[in-house]
Amino acid sequence: MKLLGLLALAGTALSHAHHDDAEVVPEHLRAELLKKWDQEFSFTGHASFAHLKPLKCLVEPDEHYDIAVIGAPFDTAVSYRPGARFGPRSIRAASARQMAGTAYNTRAGINPYSAWATVKDCGDIPITPFDNALAERQMYEAFLELGSRPAITAADSKYGTKGISAGKAKLVTLGGDHSVALPALRALYQIYQKPITVLHFDAHLDTWNPIRYSAYWQSEQTHFNHGSFFHKASREGLICNATSAHAGLRTRLTGVDDGDYMNPGPEQGFMRVHADDIDELGGPMGVVDKLIERIGLDANQPVYLSVDIDVLDPATAPGTGTPEPGGWTTREFIRILRGIEKLNIVGADIVEVSPSYDNKGETTALAAAQVAFEIITSMVKAGAGEDLGGWYGRKETVEEPKEVKDEL
Ligand SMILES: *[C@@H]1O[C@H](CO)[C@@H](O)[C@H](O)[C@H]1NC(C)=O
């Protein structure tokens, strides 16, 4: 007791002394500390995304960025296995080997964390698990707040995307169950003032009329679920019906035939690429061509990229709420993502990562962190101010090999 008291006193005295002559730390000491300790290994530090400085941008109105990573830990709108509220944490932990100094993306020919863009990890939205109507509103307000802040790179800069998203910040959301896409689309509609093109990678349609889950027991809130959010979004006029697409589908449908595909309404607003189509289309680049043909490369039409990790086969991504065998491999999917890098992506999500069903190698979270890396790479590459070539898989369009510099 005595010893503890003494220590406490000593502590107070010391902190007072420190406080009284709170001198400015000399620059050379600061520089030395930086030289010695401003380094991380992949396994050190706070578990932020890609070792970015952990921030809570929602309570820091002065935080600006070109690209913000934001967690949406929400999973009370699922129809099968819950647990995706832990997705953001697991994806961040699995992103540990992405560090600015060692993140050159050879597939794309750019290091997204060391190029023109300021990328920040903005932390999580504190979403209530007790009231989904309130959760919907919290997510919408958070996405609108973060997405409305002017980007660090101004519209007239050499860098940054041109067209409708010039000067605008881009959000990459780590889910959370898939229903987080509805408030995200509502916010984007507010920001861009026009229906958004949706490119949706998923085993499932997610355009289902909510009566699919229960025709009798319904309420306004049962309509907000992770299988019907695109139905709702479409009916609200948020989705562009002429340019949107599903890719990677292999879900079971309702009833005794493929009538779900014929439903008038939201189903007709999406082109469908099935998981198996990759064979008929001659591989990932065939899928890419089909998607680009549908979506187009119009700089004035915003595209939202929504990735349900269950688009991947459960062999690599078992940690998800509604797994469906027969999906694409991580390699195929990454290749498709690289192939669509020229789309005008203004926002994205990676959802349905549910770590309690993941394996010891955390392959689902790893895949999700890699998907986020590829998407962020595309966003940065799109604003590089020059054509960097390297559209992966189309090597014939890549520029001449660079000359070896003398000093090397
Ligand atoms: C897309 O189609 C749906 C269903 O027909 C409709 O409710 C919605 O308003 C359409 N969206 C737009 C932006 O026109």
Side-chain angles (χ1 to χ4, degrees), residues 77 79 132-133 136-137 139-140 143-144 147-148 161 163-165 168 170-171 173 178-215 218-249 251 253-255 257-274 290-308 340 343-349 351:
S79 57
N132 280 359
E136 253 185 282
R137 218 181 89 207
M139 289 190 269
Y140 168 68
F143 290 137
L144 190 60
S148 301
T161 39
I164 198 165
S165 64
K168 289 193 166 72
K170 294 177 175 166
L171 305 186
T173 304
H178 213 151
S179 62
V180 307
L182 177 60
L185 282 171
R186 284 178 179 149
L188 284 175
Y189 186 85
Q190 276 304 309
I191 292 166
Y192 287 97
Q193 294 289 312
K194 66 191 290 194
I196 310 291
T197 296
V198 173
L199 173 52
H200 173 221
F201 287 100
D202 201 317
H204 311 93
L205 291 169
D206 296 353
T207 42
W208 278 300
N209 190 318
I211 62 164
R212 177 184 204 255
Y213 295 102
S214 170
Q218 284 191 61
S219 72
E220 195 181 327
Q221 213 46 64
T222 63
H223 292 199
F224 178 64
N225 65 67
H226 82 155
S228 302
F229 58 93
F230 280 146
H231 182 93
K232 230 178 155 176
S234 177
R235 288 287 151 98
E236 289 177 22
L238 310 178
I239 298 178
C240 179
N241 287 324
T243 49
S244 295
H246 300 295
L249 297 175
T251 180
L253 304 177
T254 49
D257 57 21
D258 58 7
D260 275 357
Y261 288 167
M262 309 309 155
N263 291 340
E267 296 306 347
Q268 303 315 312
F270 285 82
M271 180 189 79
R272 287 181 292 274
V273 177
H274 289 87
K290 199 157 170 157
L291 293 176
I292 302 239
E293 193 190 322
R294 165 77 175 177
I295 296 167
L297 300 175
D298 182 356
N300 287 312
Q301 177 54 33
V303 179
Y304 185 70
L305 176 55
S306 188
V307 178
D308 187 322
I340 57 162
L343 293 180
N344 186 29
I345 295 163
V346 300
D349 64 47
V351 297

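Remember, it's 1-based here, ligands and their atoms both numbered in the order they're listed. Keep in mind that the numbers below use all heavy atoms, side chains included, and drop hydrogens, waters and symmetry copies.
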* Structure fact -> The protein heavy atom nearest to atom 11 (N) of ligand 1 is N241 ND2, 2.9 Å
* Structure fact -> Honestly, for I239 the part within reach of ligand 1 (heavy atoms, under 4.0 Å) is backbone
* How close do S306 and D349 get, heavy atom to heavy atom, and via which atoms? -> OG-OD1, 2.8 Å
* Asked: Between I191 and K168, what is the shortest heavy-atom contact and its length?
  -> CG2-CE, 3.7 Å
* When the ring planes of F270 and H246 are compared, do they come out parallel, tilted or perpendicular, using 30° and 60° as the limits? -> parallel
* **Heavy-atom pair with the smallest gap, counting every atom of F230 and A181** => CE2-CB, 4.4 Å
* Determine whether any heavy atom of G269 lies closer than 4.0 Å to an atom of ligand 1. => no
* Give the atoms of ligand 1, by number and element, whose distance to some non-hydrogen atom of P195 is under 4.0 Å. => 13 (C)
* Identify, by atom number and element, the atoms of ligand 1 in contact range of G237, meaning under 4.0 Å from any of its heavy atoms. => 13 (C)
* Can you find a pair of side-chain heavy atoms, one from P210 and one from F224, that are under 4.5 Å apart? -> no
* Between S234 and ligand 1, which residue portion shows a heavy-atom distance shorter than 4.0 Å: side chain, backbone, both, or neither? -> both
* Asked: Does the side chain of I239 come within less than 4.5 Å of P195's, by heavy atoms?
  -> no
* For atom 4 (C) of ligand 1, what is the nearest protein heavy atom, given as residue, atom name and distance? -> G265 CA, 3.4 Å
